[in-house]
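Just so we're on the same page: letters track the sequence lines, and every chain starts at 1.
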Number of protein chains: 2
Amino acid sequence: MRTVDPAKRRARRRHIVNAATELFAAQGFERTTTAEICKAAGMSAGNLFHYFRSKRAIFHAVFVDDEPEDGVATKSERLAAARAADDPWTALLDTVDLLAGPAAEPLVPALVMEAMIQAHRDPELEALLSRDNDEERSTLTTLLRKASASGQIDPTLDPDDTAAWVMALIAALYTSAATEPSFSPAGQLPTLRLILQRFLRPHATPVPEGPRP
Amino acid sequence: MRTVDPAKRRARRRHIVNAATELFAAQGFERTTTAEICKAAGMSAGNLFHYFRSKRAIFHAVFVDDEPEDGVATKSERLAAARAADDPWTALLDTVDLLAGPAAEPLVPALVMEAMIQAHRDPELEALLSRDNDEERSTLTTLLRKASASGQIDPTLDPDDTAAWVMALIAALYTSAATEPSFSPAGQLPTLRLILQRFLRPHATPVPEGPRP
DNA sequence: GTCTATACTCAGATAGAC
DNA sequence: GTCTATCTGAGTATAGAC
């Protein structure tokens, strides 16, 4: 009897996901038809739906089917390393680079944008993405707290709020790249670092107003 | 014979747009059906399409049908006033408030997000929005240039790049509000101002490295 | 190939302005 | 009374998931 070859099946799934990824990035989820995906992947509708239960499932796979490659640390591992690093400020800058880096890849900003939108309407995707998101934000919060304790950043900043803003600034890199053709994420990364540096590093305390004892 | 009453017709269009706005904000453009809009507006499909040529036209109207109210300055007028203001730094902060303010309204962040997405796929909407966008950015560029000349901000910052980043930071307020339920735009506006202040205000010039004559 | 979902249409009913 | 803006809702054509 014929048995399934898991490696072959995975490869076939990846082939479909790769084809679909370009379409989703260029046209978005709703405007990409399964017929287009079939054509791009070179297969029939029947065959496509043998590998994925729905168009939605293909979209989800774009964001989770990343096979770990040997010898390369995963994002999770690198975040854990940052949390354990000796110098929290350097680790913070490294983490920002880690999170902002993919914005320079051609399809990624559009896909991230689309994922944000779709997460609104798709609780399963929402859950999928928020796991990643929580890990990123909690790493930043940890680093901000440590850097604050060691006097490397302004201690008046609230670590939770500030982590949310660091995430927002990184997200801005993606959305700007997705919406403005002239915006180059690679070229603007140094400016992002500059903004963060000036925002976070300790400042001379302003003289408090009002009468003093 | 019966004649058209322009005021009544406008009011009816607004009624439809208001009903549709909530649906577009909650579900997005593609997932909102014309049948739903009809139901929400309390009218038949035939009547709906008597007022709008297409579903798309309703979506466009969400962003352009803002009637100027008497006694209240329009955004354009306020931007022009800022460009002509005496104190460019104060005018810059005011302009940031003006552009960031709507993020505090409940439906706006989701709508702005949806507009960004749809603009990708709809050249007419793209043109519509980029007119607004260009006016906002060029106002910021002008103010940055003036503030730079008068020593109010760091002269090493490029006005065009910096204006793009100020826009990106404001956009981050909208996207964060749209995607993170715990993020309060009104509460975070002071932090946005703080980030901008620290980013833009003049800094002590670092001692240049290398040999000097 | 099948079948559902949905943007839009049309033939006609109602009613207000002249 | 006539004419036409406004409105109805069943109907159609088509797209697109499966």
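Nearest-nucleotide mapping onto DNA chain D: of B:Ala45 and B:Asp5, the residue sitting toward the 5' end is B:Asp5.
Separating the CD atom of A:Glu36 from the P atom of D:dC18 is a distance of 15 Å, rounded to the nearest angstrom. As a whole-Å value, the separation of B:Arg31 CZ from D:dA17 P is 12 Å. When the P atom of D:dT6 is taken as reference, atom CG of B:Leu48 falls 14 Å away, rounded to whole Å. A straight line from CE of B:Met43 to P of C:dT14 spans 19 Å, rounded to a whole angstrom. The separation between A:Lys55 atom NZ and D:dA15 atom P is 15 Å, rounded to whole Å.
Counting distance only, with no hydrogens placed and no angle test, the side-chain atoms of B:Arg2 and the base atoms of C:dA17 include no donor-acceptor pair under 3.5 Å.
Residues A:Pro102 and A:Tyr174 are in side-chain contact: their nearest non-hydrogen atoms beyond the backbone lie under 4.5 Å apart. Between A:Ile117 and B:Met116, every side-chain heavy-atom pair lies at or beyond the 4.5 Å cut-off. At a threshold of 4.5 Å between non-hydrogen side-chain atoms, the residues A:Pro88 and A:Ser150 count as touching.
For B:Val4, counting side-chain heavy atoms from C-beta on, the closest listed nucleotide (D:dC7, D:dC18, D:dA5) is D:dA5. Ranking D:dC18, C:dA7, D:dT8 by closeness to the B:Phe49 side chain, first place goes to C:dA7.
Between D:dC18 and A:Arg53, no contact under 4.0 Å exists linking OP1 or OP2 to a side-chain N or O. Contact annotation: B:Ser44 side-chain N/O to D:dT8 OP1/OP2 distance is under 4.0 Å. Put simply, B:Asn47 has a side-chain N or O that comes within less than 4.0 Å of OP1 or OP2 on D:dT8. Proximity of B:His50 to the phosphate of D:dC7: no side-chain N or O atom is located under 4.0 Å from OP1 or OP2.
Using the six-membered ring where Trp is involved, B:Phe24 and B:Phe59 have ring planes that are perpendicular, over 60° apart on the 30 and 60° scheme.
Residue B:Tyr51 is classed as a sugar-phosphate contact, given heavy-atom separations below 4.0 Å to backbone atoms only. Across all strands shown, B:Thr3 has heavy atoms under 4.0 Å from sugar-phosphate atoms exclusively, and none from any base. Using a 4.0 Å heavy-atom criterion, one finds that A:Thr33 contacts the sugar-phosphate atoms exclusively.
For A:Asp134, the CG atom sits in a packed shell: over 12 heavy atoms of surrounding residues, nucleotides or ligands are nearer than 6.0 Å.
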